[in-house]
Amino acid sequence: MPIYLNTNNKLQEVEEKTFKLERDIQRVFEENLNTVMQLTLVKSEFTIKDRRIDTLAYDDQVNAFVIIEYKRDKSISVFDQGITYLGLMLANKADFVIEYNEKFKKSIKRDEVDWTQSRIVFVSTSFSEYQISAANFKDFAIELWEVKQYANNLISINPIKKTKTAPSIKPVTQQSETYKKVSDEIKVYTEDEHVAFANEEIAELYVKFRDAIFNLDDGIEIKPTKLYVAFKKDKNIVDIQVQKNSLKIFINAKFGSIDDGKQLARDVANVGHFGNGDYQIVVSNDNDLEYIMSLIKQVIR
């Protein structure tokens, strides 16, 4: 998709510039990892069992490791490499934890990492139809991100979305013991699993709030995690924890930074909670739906 520069309503196409080396792409991502993917850099060029991982990152929101690989070759199999690297991680968990602890001078334990939410990300200037199809499984923890560089120091970065009709990977993984081990341990969580915790009224209430959040901005995406359903626009803006008789809504902002005239939200900055942000609102009906949307809208950029 071309990018245009608008000067007095006259559009001029911005020239695309190629990345000379994979390392150039890697440098852009690693120096801006939190901005682009909301991840923390653990190690560049992490070597484990004679294999080199381009970028090892950590997702603090779900307490899981993320492997990032950069590719300029359209012929590589993202499926096979994805399975191989995820399997390598699961078979050598202690090495990943040690690397994290040494980097950040911490002492997290292996069981404090949520290995079920491990994932691998491939970054490239473009992907072939075969590669996109090979990653298009609703329950496979693999992501494809496309990056392009233009004149005037412009860069576009876009994740390739899975289709709504993406099939399950389970039938494929039964063909190989290696595939099956990875598939059995790593889990891609779904919205339906969260809604299943609720009674019928709360399930319907969740749908109302979900749809209202989507209506706030065209760029909002949903990402179910193990503990909550996240709504993202570049970063998490609001998380919903579905309970049997209520919804816990967490707005991702520092307490005091939102204009909450009704003082509906509770400050949970110093209270243990699953969602992101300091604002928590518990609802069991839609009486304050529009007002809550006005609060969420304040954190959308």
Side-chain angles (χ1 to χ4, degrees), residues 1-42 44-45 53-59 61 66-79 81-82 119-136 141-166 213-223 230-238 252-253 296-301:
M1 179 182 296
I3 290 180
Y4 297 93
L5 180 65
N6 184 358
T7 305
N8 297 324
N9 293 325
K10 296 294 184 181
L11 299 183
Q12 180 180 358
E13 185 172 347
V14 181
E15 179 186 1
E16 183 177 346
K17 298 171 63 177
T18 60
F19 287 95
K20 293 181 179 179
L21 302 169
E22 283 183 13
R23 182 63 184 170
D24 295 333
I25 303 174
Q26 183 172 352
R27 189 175 296 110
V28 168
F29 269 76
E30 289 185 345
E31 292 183 7
N32 301 277
L33 203 54
N34 185 262
T35 299
V36 175
M37 306 177 84
Q38 294 80 60
L39 300 176
T40 300
L41 176 64
V42 178
S44 179
E45 310 294 337
I53 292 170
D54 289 342
T55 300
L56 177 61
Y58 195 77
D59 188 336
Q61 294 182 348
V66 181
I67 293 171
I68 306 175
E69 290 290 304
Y70 308 91
K71 300 298 175 190
R72 299 179 73 247
D73 185 355
K74 291 185 178 181
S75 66
I76 62 111
S77 170
V78 294
F79 183 89
Q81 189 173 0
R119 65 187 191 274
I120 184 166
V121 177
F122 289 98
V123 178
S124 178
T125 54
S126 64
F127 292 96
S128 67
E129 289 298 321
Y130 173 77
Q131 290 172 322
I132 294 172
S133 176
N136 189 41
I142 183 172
E143 298 176 10
L144 305 182
W145 287 59
E146 190 175 74
V147 56
K148 291 186 181 297
Q149 179 177 236
Y150 298 88
N152 302 326
N153 296 318
L154 294 175
I155 289 183
S156 69
I157 300 174
N158 296 294
I160 296 177
K161 298 179 182 179
K162 301 186 185 216
T163 63
K164 292 182 179 179
T165 58
I213 293 170
F214 281 146
N215 287 333
L216 293 176
D217 192 282
D218 290 338
I220 295 176
E221 298 180 349
I222 187 171
K223 185 173 182 180
F231 294 83
K232 306 170 70 76
K233 187 177 184 294
D234 298 328
K235 65 176 184 178
N236 283 39
I237 56 175
V238 61
N252 192 12
I296 296 171
K297 196 167 185 177
Q298 294 180 50
V299 302
I300 298 176
R301 60 182 184 181

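Residues: numbered from 1 along the sequence shown.
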Visitor: Does Asp59 use its side chain to pair, donor to acceptor, with the backbone of Val66 at less than 3.5 Å?
Guide: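 Looks like no, no N/O pair under 3.5 Å.
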
Visitor: Roughly how far, to the nearest 0.5 Å, is CG of Asp54 from CD of Glu22?
Guide: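 Output value for this atom pair is 6.5 Å.
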
Visitor: I'd like to know whether OH of Tyr130 has more than 12 heavy-atom contacts from other residues, nucleotides or ligands below 6.0 angstrom.
Guide: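 It does not: Tyr130 OH has 12 such atoms or fewer within range.
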
Visitor: Would you say that Phe29 contacts Thr55 through its side chain, given a criterion of any heavy-atom pair below 4.5 Å between the two side chains?
Guide: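 Phe29 vs Thr55: side chains apart.
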
Visitor: Quiz question: by atom type and distance under 3.5 Å, do the side chains of Gln12 and Thr7 form a donor-acceptor pair?
Guide: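 No, Thr7 and Gln12 have no side-chain donor paired with an acceptor closer than 3.5 Å.
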
Visitor: Atom CG in Leu154, atom NZ in Lys148: separation rounded to 0.5 Å?
Guide: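 Spacing of CG (Leu154) from NZ (Lys148) equals 14.0 Å.
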
Visitor: Would you say the side chain of Tyr70 lies within less than 4.5 Å of the side chain of Val147, judging by non-hydrogen atoms?
Guide: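 No - every pair of side-chain heavy atoms lies 4.5 Å or more apart.
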
Visitor: Nearest 0.5 Å, what's the OG1-CZ distance between Thr125 and Phe19?
Guide: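 Nearest 0.5 Å value for the OG1-CZ distance: 8.0 Å.
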
Visitor: Indicate the atoms forming the closest heavy-atom contact of Phe122 with Lys71, along with that distance.
Guide: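 Closest heavy-atom pair between Phe122 and Lys71: CD2-CG, 4.2 Å.
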
Visitor: Enter the distance from Ile220:CD1 to Ile237:CD1 here, rounded to the nearest 0.5 Å.
Guide: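 Output value for this atom pair is 3.5 Å.
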
Visitor: Surrounding CD of Glu15 (heavy atoms of other residues, nucleotides or ligands, distance under 6.0 Å), is the total greater than 12?
Guide: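 Incorrect, the count does not exceed 12.
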
Visitor: Determine whether Gln38 and Asn236 make a side-chain contact, defined as any pair of heavy atoms from C-beta on separated by less than 4.5 Å.
Guide: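 Answer no - side chains too far apart.
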
Visitor: Could you tell me which non-hydrogen atom of Ala151 sits nearest to which non-hydrogen atom of Val14, and how far apart they are?
Guide: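 That would be O-CG1, 3.6 Å.
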
Visitor: Between Leu39 and Arg119, what is the shortest heavy-atom contact and its length?
Guide: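 The answer is CD2-NH2, 3.8 Å.
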
Visitor: Is there a donor-acceptor pair under 3.5 Å between the side chain of Thr18 and the backbone N or O of Lys20?
Guide: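 Absent.
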
Visitor: Looking at every heavy atom in both Asn252 and Val299, which two are closest together, and how far apart are they?
Guide: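 Heavy-atom minimum between the residues: O-CG1, 4.2 Å.
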
Visitor: For the CG atom on Asn215, are there more than 12 heavy atoms of other groups (residues, nucleotides or ligands in this structure) within a distance under 6.0 Å?
Guide: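 More than 12 heavy atoms, drawn from other residues, nucleotides or ligands, come within 6.0 Å of this atom.
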
Visitor: In Å and rounded to the nearest 0.5 Å, what is the CD to CD1 distance from Glu143 to Ile67?
Guide: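 Reported to 0.5 Å precision, the distance equals 12.5 Å.
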
Visitor: When you measure from the side chain of Asn136 to the backbone of Ile132, do you find a donor-acceptor pair of N or O atoms at a distance under 3.5 Å?
Guide: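 Side chain of Asn136 to backbone of Ile132: no pair is present.
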
Visitor: With side chain to side chain contact (heavy atoms under 4.5 Å, CB included) as the test, would you mind laying out the steps for Ser44 and Arg23 before giving the verdict?
Guide: CA-CA 11 Å; Ser44 179; Arg23 182 63 184 170; 3.4 Å; yes

Visitor: Taking side chain as C-beta onward, heavy atoms only, is Ile68 less than 4.5 Å from Met37?
Guide: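 Sidechains of Met37 and Ile68: in contact.
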
Visitor: Do the side chains of Ile53 and Glu69 get nearer than 4.5 Å, heavy atoms only?
Guide: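 With C-beta onward as the side chain, the pair touches.
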
Visitor: What is the minimum heavy-atom distance between Ala135 and Lys162, and which atoms define it?
Guide: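 That closest heavy-atom pairing would be O-NZ, 3.2 Å.
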
Visitor: Taking only Lys NZ, Arg NE, NH1 and NH2, and the carboxylate oxygens of Asp or Glu, determine whether Glu221 and Lys223 approach each other closer than 4.0 Å.
Guide: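 Salt bridge: no.
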
Visitor: For Asp218, does the CG atom have more than 12 heavy-atom neighbours from other residues, nucleotides or ligands under 6.0 Å away?
Guide: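 It does not: Asp218 CG has 12 such atoms or fewer within range.
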
Visitor: Only one of Asp217, Ile213, Val238 passes side-chain contact (heavy atoms from CB on, under 4.5 Å) with Ile300; say which it is.
Guide: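 Passing option: Asp217.
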
Visitor: Roughly how far, to the nearest 0.5 Å, is the CG atom of Leu56 from the CD atom of Glu30?
Guide: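 So the CD of Glu30 and the CG of Leu56 are separated by 10.0 Å.
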
Visitor: If I compare all heavy atoms of Gly219 with all of Lys233, which pair ends up nearest, and what's the gap?
Guide: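 For Gly219 and Lys233, the tightest heavy-atom pair comes out as O-CG, 4.0 Å.
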
Visitor: Picking from Asn158, Ile25, Val36, Ile160, what satisfies side-chain contact (heavy atoms from CB on, under 4.5 Å) with Trp145?
Guide: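 Only one option passes, and that is Val36.
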
